[in-house]
A.B. asks: 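My questions will all concern the structure given below.
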Amino acid sequence: MALSLSPPLSSSSSSSSSSTSCSSVNHQTLPRKLHWIPAIFSRSGFCSRGLQIRASNAGNRRAISLHAEGTSLRSSVDDKVTAPDKESSVPYTRSKEARDSSLTIIVVGASGDLARNKIFPALFALFYDDQLPQNFTAFGYARSPMTDEELRTTISKTLTCRVDKSENCNEKMSQFLKRCFYQSGQYSSEEHFSELDDRIREKEGGKTSNRLYYLAVPPTQFVDVVRCASRRSSSENGWTRMIVEKPFGRDSESSSKLTLDLKQHLTEDQIFRIDHHLGEELFESLLVLRFSNLVFEPLWSRNYIRNVQLIFSQDFGTEGRGRYFDNYGIIRDVMQNHLLQLLALFAMEPPVTLDAEDIRNEKVKVLRSIKPVSLDDVVTGQYKGYTGGNMSVPGYTDDPAVSKHSLTPTFAAAILSINNPRWDGVPFMMVAGKALHSSRAEIRVQFRHVPGNLYNRKPGANLDDATNELVIRVQPDETVYLKINNKVPGLGMRLDCSDLNLLSKSRYPGEVPDAYERLLLDAMRGERRLFIRSDELDAAWSVFTPLLNELEEKKIAPELYPYGSEGPVGVHYLGAKYNIRCEDSGY
Ligand code: NDP
């Protein structure tokens, strides 16, 4: 890989790198949605801010519950999980399984937003790229009455073709739509699932039957759907897998209950718990960066790393999702799953192999080493509306589906500590928020000071502040860069900070597949690396459940922050407490 000392990225792509010194970020250059952000935010020097041929259910699964009623919740380490075989490295369409069997994808909740805007478009993108097998059929299932034609008309509005080869788009689209069907039924009716089964069998034409269910319905419906589908419309001679969309419970207790309920009807290796952010490039890139470059792994510990920040911000509010969000809040919606998964991949020990179970074993270990988050190490916030000039933006509680007195946080910052020899004493700061000034998803790694720094007294930089920083960013522009100190060319000795740009969008201009495409393809192949195992889920909930209980029991009021700002001022103080310099990160 060619390394280049790049000029600073554009302000929209790199808010931090537009400064002339690592230590003096000009907040004026940060992308702003609104320009009236209180000056207080810029005052502080600290942050404000294989293919599995058969699942274990192969054979007659109909009406069979593999775990008897009352089975206690077991760690999935105990469950037999079949690893994908070596064929996973060849395109799925060319695998023996794809050639010899039929594949039916059943989207349950097909009348909803997720199905329309994400799942069917992702399936079409895979079809367009010839990633789906010859004998592929898609079924939509929901209560709303709809004909096959009506489903096709609805989903055709959200299908798009790859920009780089759109010549045969219409033809491909009509081929895809011909393979899409709709079945209306109740989620708790075994009879209706039997009707679905009859229709699927017609399309399977007697071939080995593989069925992938995507549960795009509210979590209240999960258990009914899983029960009916596993009893009445699961495969008799191939595999049946079920993708379950997050949220997986609200806390340790409800999550364990959900797992237990699902395992009354499915084995662990049939359950694919999806957090779609895990399908983003960042997750795979992080592993490649860590484990395929000799230069990083030796630095990856408390000896060299001062702190790590995991940031996920959105420049829009809960618009339209207030009812769902108010029941969860930002800690459950983003931190407990997406950011914690990132942290686990970042901080885990090297896995024995890249096999899903080896990676997931390491993630579980590190998750179990994280101390439960303390209320003293958390700042919560909620965005408020703003009306002024010709601009008006709604506050969180202006949503008619949200109570005026809601204490649900739309922003949170938290310090996590990992109690193991590698990370002892290194603060991991998570920041997640809605209605902030920019949309961003990144990891920032700040390294320690240079000991006995020879250049500390030279003009142009304070190297105590300008430590090296590695930024791994997925949004707005995928990039990985390392901030280094260098000499400004000329007769004098002036130091400056530049970005050593390791990877950027310009180097790989091709279109990046949507996260759902990757995850759907993985589920078809039985590749579980990016799906969450039940013991991982338990460990993740253990980190946040005590905090969530305390926030709710004590009715802790979130700090209000203006829509489009950088979040609550309290984050400055939290960062200062742990000596985290994150003015570069814009919080
Ligand atoms: P919707 O609210 O649009 O629900 C999907 C379908 O489920 C609806 O069309 C409806 O179908 C059925 N449904 C809705 N509410 C109920 C209910 N109370 N009882 C029974 N059936 C109901 O959700 P989305 O499509 O937006 O999302 C689906 C799931 O995925 C949700 O659990 C959500 O939390 C999760 N999710 C969604 C994301 C997104 O981007 N939208 C992102 C991440 C997760 P019908 O009435 O026809 O049966």
Side-chain angles (χ1 to χ4, degrees), residues 105-123 138-148 150-151 153-155 157-158 181-189 192-193 195-196 213-229 242-250 254-255 258 261-262 271-280 312 314 316-339 341 399-402 408 432 434 439 441 475 514-520 523 530-532 537:
I105 298 180
I106 304 109
V107 184
V108 182
S111 56
D113 284 352
L114 183 65
R116 190 172 52 249
N117 296 324
K118 292 290 182 184
I119 313 304
F120 282 108
L123 286 175
F139 266 90
Y141 184 95
R143 298 171 306 180
S144 306
M146 218 189 305
T147 62
D148 292 342
E150 282 166 339
L151 175 80
T153 306
T154 306
I155 60 178
K157 292 175 190 149
T158 55
F181 304 90
Y182 183 79
Q183 179 72 25
S184 166
Q186 297 295 322
Y187 301 120
S188 58
S189 166
H192 292 169
F193 275 86
E195 289 166 14
L196 171 68
Y213 282 82
Y214 198 113
L215 272 56
V217 282
T220 46
Q221 309 304 310
F222 286 171
V223 180
D224 277 340
V225 172
V226 166
R227 175 176 51 79
C228 296
M242 302 211 187
I243 300 180
V244 188
E245 262 282 352
K246 79 173 177 73
F248 317 115
R250 294 188 77 251
S254 53
S255 166
L258 178 61
D261 289 344
L262 295 180
I271 307 170
F272 287 68
R273 295 178 192 81
I274 194 173
D275 169 355
H276 65 274
H277 290 297
L278 270 61
E280 288 165 353
F312 183 92
Q314 293 176 324
F316 52 87
T318 55
E319 285 107 45
R321 290 186 73 220
R323 190 183 304 281
Y324 158 81
F325 190 86
D326 205 46
N327 193 28
Y328 289 92
I330 199 81
I331 297 175
R332 292 185 176 92
D333 199 43
V334 177
M335 282 187 168
Q336 180 273 343
N337 36 62
H338 174 42
L339 290 186
Q341 286 288 324
D399 185 327
V402 173
T408 303
K434 289 185 173 291
S439 285
Q475 236 192 339
D514 185 77
Y516 283 95
E517 293 171 40
R518 184 193 308 273
L519 292 167
L520 279 163
L530 298 173
F531 295 90
I532 303 164
L537 191 58

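In each ligand, atom 1 is the first atom listed, and ligand 1 is the first ligand listed.
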A.B. asks: Consider only side-chain N and O atoms of His277 and Glu280, and report whether a donor and an acceptor are under 3.5 Å apart.
C.D. replies: yes
A.B. asks: Ring centres of Phe193 and Tyr141 under 6.0 Å apart?
C.D. replies: yes
A.B. asks: For residues 318-332, pull every pair meeting salt bridge (charged side-chain N to carboxylate O under 4.0 Å, His left out), keeping only residues two or more places apart or in separate chains.
C.D. replies: Arg332-Glu552
A.B. asks: Filter the ligand 1-protein atom pairs down to N or O on both sides and distance under 3.5 Å, then list them.
C.D. replies:
residue	atom	partner	partner atom	Å
ligand 1	3 (O)	Asp113	N	3.4
ligand 1	9 (O)	Ser111	OG	2.7
ligand 1	9 (O)	Gly112	N	3.2
ligand 1	11 (O)	Ser111	OG	2.8
ligand 1	11 (O)	Tyr187	OH	3.3
ligand 1	19 (N)	Gln221	NE2	3.2
ligand 1	21 (N)	Arg143	NH2	3.1
ligand 1	25 (O)	Asp113	N	3.2
ligand 1	25 (O)	Leu114	N	2.9
ligand 1	32 (O)	Val217	O	3.0
ligand 1	46 (O)	Arg143	NE	3.4
ligand 1	46 (O)	Arg143	NH2	2.9
ligand 1	47 (O)	Ser111	OG	2.6
ligand 1	47 (O)	Arg143	N	3.4
ligand 1	47 (O)	Ser144	N	3.0
ligand 1	47 (O)	Ser144	OG	2.4
ligand 1	48 (O)	Arg143	N	2.9
ligand 1	48 (O)	Arg143	NE	2.9
ligand 1	48 (O)	Tyr187	OH	2.6

A.B. asks: For Asp224, enumerate each residue passing the salt bridge (Lys or Arg N to Asp or Glu O under 4.0 Å) test, keeping only those at least two apart in sequence or located in another chain.
C.D. replies: Arg227
A.B. asks: Can you tell me how far the OG1 atom of Thr147 sits from the CZ atom of Phe181, to the nearest 0.5 Å?
C.D. replies: 12.0 Å
A.B. asks: Partners of Lys118 by side-chain hydrogen bond (donor to acceptor under 3.5 Å, both in side chains), sequence neighbours excluded?
C.D. replies: none
